Amino acid sequence: MDEFALISRYFASVGHHQGVELGVGDDAAIIAPRPDEAWVVATDTLVAGVHFPELEPADAIAYRAVAVNVSDMAAMAAQPRYCTLALTMPTADLEWINAFAQGLRDAVTASDLALVGGDTTRGPLTVSLTVIGSGLSSALLRRSGAAVGHEILVSGCLGDAAAGLAALLDGRSPSVERERLIQRFRRPPSRVALAIDNAAFIGAAIDVSDGLLADAAHIAAASNVAINIDTERVPLSADLIASSGPDQALSHALTGGDDYELLISAPSRAVPQLQRAGFFAIGQCIAGTGVLVDGAPATGHRGYRHFDNAAG
């Protein structure tokens, strides 16, 4: 089966959405935006052995590829609408492709997305997904909206995904807690509705992909503030503590990444509303630069960098 037959059989009917005048199967898609929309575009590439274990199930790879891009939409308070997929595979294993396509269907259905185009090629297993979302320009969130005096909040427990990935790789017998952590890595939650519903109360926002400290540093730099994280207030799940112990659990939460929760700033007056919506207050924006942990400068936690150790 060649790449055109693969696209037609497995991907041509994945997701539907208003505004798609021409989808998968032509040289390019045609989408018709509403006149009041601003477009938001995000791309992520997932490489086997770098972003997920080599032997991950195909449906889990597909679901996560969509979820991490949808998380970027949530960070901007944009509604995901369309996506394109570039899938590179070493072989055309039809059983694997069928499972991948099912995971893709599950993910785009959960996020109300339409797959409108892409490409398939032969090579090392790599999944590149682009999501196109929309929203009113005045309502979209940015990293640069934090201010001195703002509170820092997060939309859910941190560290679960890092512990789930560790559980996948360490070869130990799975427990109920470890299985739930693995699922947290494989199927990150969508925070799109939470972001859109509460955008009016939020100053700055980012999704926690590289770790709490690394992503807080991005907000701090973009907003010209310092951020102090109170570790006693960082939400940790019972599964994480049971699986990793309190100290390792906090380490996963601060530096592990892959949680795809929202990290936001907000004026103090908005905190009660945001807490009722499900956010946890974990710190403050203060004068200065960088990120502090319990008042002391955080060092050595820049998040994952792909080319730090590359020659040249």
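Small disclaimer: the values here were computed from a predicted structure and weren't measured. Residue indices begin at 1 and follow the sequence shown. Because only heavy atoms are used, hydrogens play no part in the values below, and waters and symmetry mates are left out as well, while side chains stay in.
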Check whether any side-chain N or O of [X] sits under 3.5 Å from a backbone N or O of [Y] as a donor-acceptor pair, and report yes or no.
{"X": "Asn228", "Y": "Gly295", "result": "yes"}
{"X": "Thr255", "Y": "Ser251", "result": "yes"}
{"X": "Arg122", "Y": "Pro90", "result": "yes"}

Please tell me if the side chains of [X] and [Y] come closer than 4.5 Å, counting only heavy atoms from C-beta onward.
{"X": "Arg184", "Y": "Asp239", "value": "no"}
{"X": "Trp96", "Y": "Ile61", "value": "yes"}
{"X": "Gln284", "Y": "Asp230", "value": "yes"}
{"X": "His252", "Y": "Leu181", "value": "no"}
{"X": "Arg187", "Y": "Asp106", "value": "yes"}
{"X": "Leu212", "Y": "Ile282", "value": "yes"}
{"X": "Pro80", "Y": "Asp112", "value": "no"}
{"X": "Ile219", "Y": "Ile227", "value": "yes"}

Interatomic spacing from [atom1] in [X] to [atom2] in [Y] - rounded to 0.5 Å:
{"X": "Glu56", "Y": "Leu165", "atom1": "CD", "atom2": "CG", "answer": "8.5 Å"}
{"X": "Leu250", "Y": "Glu232", "atom1": "CG", "atom2": "CD", "answer": "10.0 Å"}
{"X": "Met89", "Y": "Thr126", "atom1": "CE", "atom2": "OG1", "answer": "11.0 Å"}
{"X": "Gln79", "Y": "Leu113", "atom1": "CD", "atom2": "CG", "answer": "8.5 Å"}
{"X": "Leu125", "Y": "His51", "atom1": "CG", "atom2": "NE2", "answer": "12.0 Å"}
{"X": "Ile182", "Y": "Leu168", "atom1": "CD1", "atom2": "CG", "answer": "4.0 Å"}

Non-hydrogen atoms of [X] and [Y] that approach each other most closely:
{"X": "Leu236", "Y": "Ala249", "answer": "CD2-O, 4.0 Å"}
{"X": "Leu274", "Y": "Ala266", "answer": "CD1-CB, 3.4 Å"}
{"X": "Asp215", "Y": "Ser209", "answer": "OD2-N, 2.9 Å"}
{"X": "Leu194", "Y": "Asn198", "answer": "O-ND2, 2.9 Å"}
{"X": "Val291", "Y": "Leu213", "answer": "CG2-O, 3.8 Å"}
{"X": "Ser111", "Y": "Val70", "answer": "OG-CG2, 3.6 Å"}

Indicate, with yes or no, if [Y] and [X] share a hydrophobic cluster defined by side-chain heavy-atom contacts under 4.5 Å among Ile, Leu, Val, Met, Phe, Trp and Tyr.
{"X": "Phe52", "Y": "Leu85", "result": "yes"}
{"X": "Phe279", "Y": "Ile206", "result": "no"}
{"X": "Leu136", "Y": "Ile202", "result": "no"}
{"X": "Leu254", "Y": "Ile241", "result": "yes"}
{"X": "Ile97", "Y": "Val108", "result": "yes"}

Which pairs would a plain distance check flag for residues 142-164, meaning a side-chain donor or acceptor within less than 3.5 Å of a matching protein atom at least two apart in sequence or in another chain?
unit_1, atom_1, unit_2, atom_2, d
Arg142, NH1, Leu140, O, 3.1
His150, ND1, Ala147, N, 3.4
His150, ND1, Ser265, OG, 3.0
Ser155, OG, Glu261, OE1, 2.5
Ser155, OG, Leu262, N, 2.7
Asp160, OD1, Ser237, OG, 2.7
Asp160, OD2, Ser237, OG, 3.3

- Trace of the side chain to side chain contact (heavy atoms under 4.5 Å, CB included) decision for Thr130 with Asn69: CA-CA 7 Å; Thr130 296; Asn69 271 277; 5.7 Å; no
- Item | Arg64 NZ/CZ over Phe185 ring centroid, <6.0 Å and within 45° of normal | yes
- Query: Above 12 or not: heavy atoms from other molecules or residues under 6.0 Å from CG of Leu169?
  - Reply: yes
